[in-house]
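Scope of the values below: all heavy atoms of this structure, side chains included, with no hydrogens, waters or symmetry mates. All figures in this text were calculated on a predicted structure; none of them were measured in a lab.
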Amino acid sequence: MNQTSEDSVRDKIKILITGAAGQVAQALREEAPKYNGLDCVFLDKTILDITSSSSIREAIKNHTPEFIINTAGYTAVDAAEENRELALQLNSRAIRILAQECKSKCIGLIHLSTDYVFDGKKTSAYIEGDRTNPQSVYGVSKRRGEKAILNAKLPVYAIIRTSWVYSTYGSNFVKTMLRLARERTEVSVVNNQIGSPTYANDLANALLTICTKVTEKTSGIYHYSNKGKISWYQFAKAIFKYTATSIIVNPVGSEHYPVKAKRPKNSVLSTDKISESFNLEILDWKVSLQKMLSRG
């Protein structure tokens, strides 16, 4: 009986997931048990420091993964403008180290990137081959991380650009809107930035599926978000509609809502490539938002 159990575990794909405290990693932890063929290990920054090659090597030695899903990184978009070196260290230099260690041990790497690698000037959805032109320190740091993986020439990898991620975990736009609704009678939300929301649990399922399907031939850059495009204002209106919340929502231009980091006006990502390559069914943002909100 014990031998059968050990063989079963041995046959599973071992996946090491960095940044265990983040919202995408927490969503991965929730969704992973649905995948019988996967054995996932979650490590946070107190155990795995992605800026340290020795820390990465130790984690690889201890857990012998076939894949690493990297969700760790510097995600404070506005703070990055004043903490450029830290953002570059976590989102660029650390990724170069991680990619090099993965290559030396023949480990596949799945890495999360962002819509912020684009300048937002395109009027239609961005495809993977479009020219990048990040307008913020955060965007620059993430693009350099992408290049570090590409330059490492890993045999098996996937860079997943995503946008407007939200979940029941951590801090995000949906949770902020719900909190403000408890504190105020009205809110002002930007109406001239367009994008596609991404439910972290949907993203998690996509990442886990990719681990079971990605090959040397299908390695590359991909875009993932939920279907559809909206403004932040429309997103806020939908959140309050689906939660039957009575609050006034005022549309404002981004010029009236000053932030340190410049945001792309258009963040819509085409998901055709990832859907076709890995046979993914991608849900409409309204469906996923209601799914998240129904959890309470």
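Using modelled atom types and a 3.5 Å distance limit, the side chains of Thr209 and Thr212 yield no donor-acceptor pair. Counting only N and O atoms by type, the side chains of Arg143 and Thr132 include a donor and acceptor under 3.5 Å apart. Judged purely by distance below 3.5 Å, without hydrogens or angles, the side chains of Ser231 and Asn191 never pair a donor atom with an acceptor atom. Using modelled atom types, one finds a donor on one side chain and an acceptor on the other under 3.5 Å when comparing Asp202 with Ser288. Looking only at atom types and distance, the side chain of Thr271 has a donor-acceptor partner in the side chain of Lys227 under 3.5 Å away.
Within the 4.5 Å cutoff, no side-chain heavy atoms of Ile239 are placed close to those of Thr245. Considering only heavy atoms from C-beta on, Ile210 stays 4.5 Å or farther from Tyr224 through its side chain. At least one side-chain heavy atom of Lys34 sits less than 4.5 Å from a side-chain heavy atom of Glu31. Side-chain contact between Asp78 and Arg263 is present, with at least one heavy-atom pair separated by less than 4.5 Å. Annotation: side chain of Leu207 is not in contact with side chain of Asn205 (no heavy-atom distance under 4.5 Å). Looking only at side-chain heavy atoms (C-beta outward), Leu293 and Leu289 come within less than 4.5 Å of each other. Leu28 places none of its side-chain heavy atoms less than 4.5 Å from the side chain of Cys40. A heavy-atom distance below 4.5 Å is not found between the side chains of Asn250 and Val187.
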Q. Checking side chain to side chain contact (heavy atoms under 4.5 Å, CB included) for the pair Gln234/Lys237: CA distance, chi angles, key distance, verdict?
A. CA-CA 5 Å; Gln234 291 169 314; Lys237 292 279 284 185; 5.5 Å; no
Q: Verify side chain to side chain contact (heavy atoms under 4.5 Å, CB included) between Ile107 and Leu154, making sure each step is shown before the conclusion.
A: CA-CA 8 Å; Ile107 296 169; Leu154 289 158; over 6 Å; no
Q: Could you go through the side chain to side chain contact (heavy atoms under 4.5 Å, CB included) check for Tyr35 and Lys12 one step at a time?
A: CA-CA 10 Å; Tyr35 295 77; Lys12 290 185 175 183; over 6 Å; no
Q) Does the side chain to side chain contact (heavy atoms under 4.5 Å, CB included) test come out yes or no for Val165 and Asn172, once each step is laid out? A) CA-CA 7 Å; Val165 179; Asn172 55 69; over 6 Å; no
Got a list of side-chain donor-acceptor pairs under 3.5 Å for residues 67-74, not counting sequence neighbours?
residue, atom, partner, partner atom, Å
Asn70, OD1, Thr18, OG1, 2.6
Asn70, OD1, Ala72, N, 3.3
Asn70, ND2, His111, ND1, 3.0
Thr71, OG1, Thr18, O, 2.6
Thr71, OG1, Gly19, O, 3.4

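Residue Ile149 holds its CD1 atom at 11.5 Å from CD of Gln100, rounded to the nearest 0.5 Å. The CG atom of Leu109 sits 4.5 Å away from atom SG of Cys102, with the distance rounded to the nearest 0.5 Å. To the nearest 0.5 Å, the span separating CD on Gln23 from OG1 on Thr75 amounts to 8.5 Å. Interatomic distance, NZ of Lys265 versus OG of Ser267, reported as 11.5 Å (0.5 Å rounding). Annotation: the span from Leu90 atom CG to Lys142 atom NZ amounts to 10.0 Å, rounded to 0.5 Å. In this structure, CD1 on Ile159 lies 10.0 Å from NE2 on His223, to the nearest 0.5 angstrom.
With sequence neighbours excluded, no residue satisfies salt bridge (Lys or Arg N to Asp or Glu O under 4.0 Å) with Lys45. Not counting sequence neighbours, the partners of Asp130 by the salt bridge (Lys or Arg N to Asp or Glu O under 4.0 Å) test are Lys122. Residues that satisfy the side chain to side chain contact (heavy atoms under 4.5 Å, CB included) test with Ser52, not counting sequence neighbours, are Asp49, Ser54, Ser55. With sequence neighbours left out, the salt bridge (Lys or Arg N to Asp or Glu O under 4.0 Å) criterion links Lys121 to no other residue. Among residues two or more places apart in sequence or in another chain, the salt bridge (Lys or Arg N to Asp or Glu O under 4.0 Å) test is passed with Glu255 by none. For Phe173, the ring pair (Phe, Tyr, Trp, His ring centres under 6.0 Å) partners are Trp232, Phe235, not counting sequence neighbours.
Cluster partners of Leu283, using a side-chain heavy-atom cutoff of under 4.5 Å among ILVMFWY residues and allowing indirect links, are Val287. Taking Ile, Leu, Val, Met, Phe, Trp and Tyr as hydrophobic and joining them when side-chain heavy atoms fall under 4.5 Å apart, one finds Ile194 in a cluster with Val268. Residue Leu269 belongs to a hydrophobic cluster whose other members are Val117, Phe118, Tyr126, with links defined by side-chain heavy atoms closer than 4.5 Å.
Listed for the Glu81 side chain is a donor-acceptor partner under 3.5 Å among the backbone atoms of Val137. Here the side chain of Glu183 pairs no donor or acceptor atom with the backbone of Ala181 at under 3.5 angstrom. At least one donor-acceptor pair closer than 3.5 Å links the side chain of Lys14 to the backbone N or O of His63. Looking only at distances, no side-chain donor or acceptor of Ser277 sits under 3.5 Å from a matching main-chain atom of Ile274. For Glu186 (side chain) and Ile247 (main-chain N/O), no donor-acceptor pair under 3.5 Å exists by modelled atom type. Put simply, the side chain of Ser219 gets close to the backbone of Tyr157: a donor and an acceptor are under 3.5 Å apart. The main-chain N or O of Glu82 is never found under 3.5 Å from a side-chain atom of Arg84 such that the two would form a donor-acceptor pair. Distance alone, capped at 3.5 Å, is enough to place a donor-acceptor pair between the Lys273 side chain and the Ile221 backbone. Between the Lys175 side chain and the Thr168 main chain, a donor and an acceptor come within less than 3.5 Å of each other. Proximity of a side-chain donor or acceptor of Thr218 to a complementary backbone N or O of Val214 within less than 3.5 Å is not detected.
Other residues, nucleotides and ligands contribute only 12 or fewer heavy atoms inside 6.0 Å of the NZ atom of Lys260. At most 12 heavy atoms of other shown residues, nucleotides or ligands fall within 6.0 angstrom of atom OH in Tyr257. Surrounding NZ of Lys241 are at most 12 heavy atoms belonging to other residues, nucleotides or ligands under 6.0 Å away.
Among Ser163, Ser141, Ser136, the single residue meeting the side-chain contact (heavy atoms from CB on, under 4.5 Å) criterion with Tyr116 is Ser136.
Note on Glu85 versus Arg93: salt bridge recorded, some NZ/NE/NH1/NH2 to OD/OE distance being below 4.0 Å. Ionic pairing of Glu146 and Arg161 is present here: one or more N-O contacts between side-chain nitrogen and carboxylate oxygen are shorter than 4.0 angstrom. Between Glu101 and Arg96 there is no salt bridge, since none of the side-chain N atoms of the basic residue sits less than 4.0 Å from a carboxylate O of the acidic one. No salt bridge links Glu58 with Lys61; every basic N to acidic carboxylate O contact stays at or beyond 4.0 Å.
Pairs engaging residues 110-119 under the salt bridge (charged side-chain N to carboxylate O under 4.0 Å, His left out) rule: none recorded [sequence neighbours left out]. Residue pairs meeting the ring-ring contact (aromatic ring centres under 6.0 Å, His included) criterion with at least one member in residues 189-222, sequence neighbours excluded, are Tyr166-Tyr199, Tyr222-Phe278.
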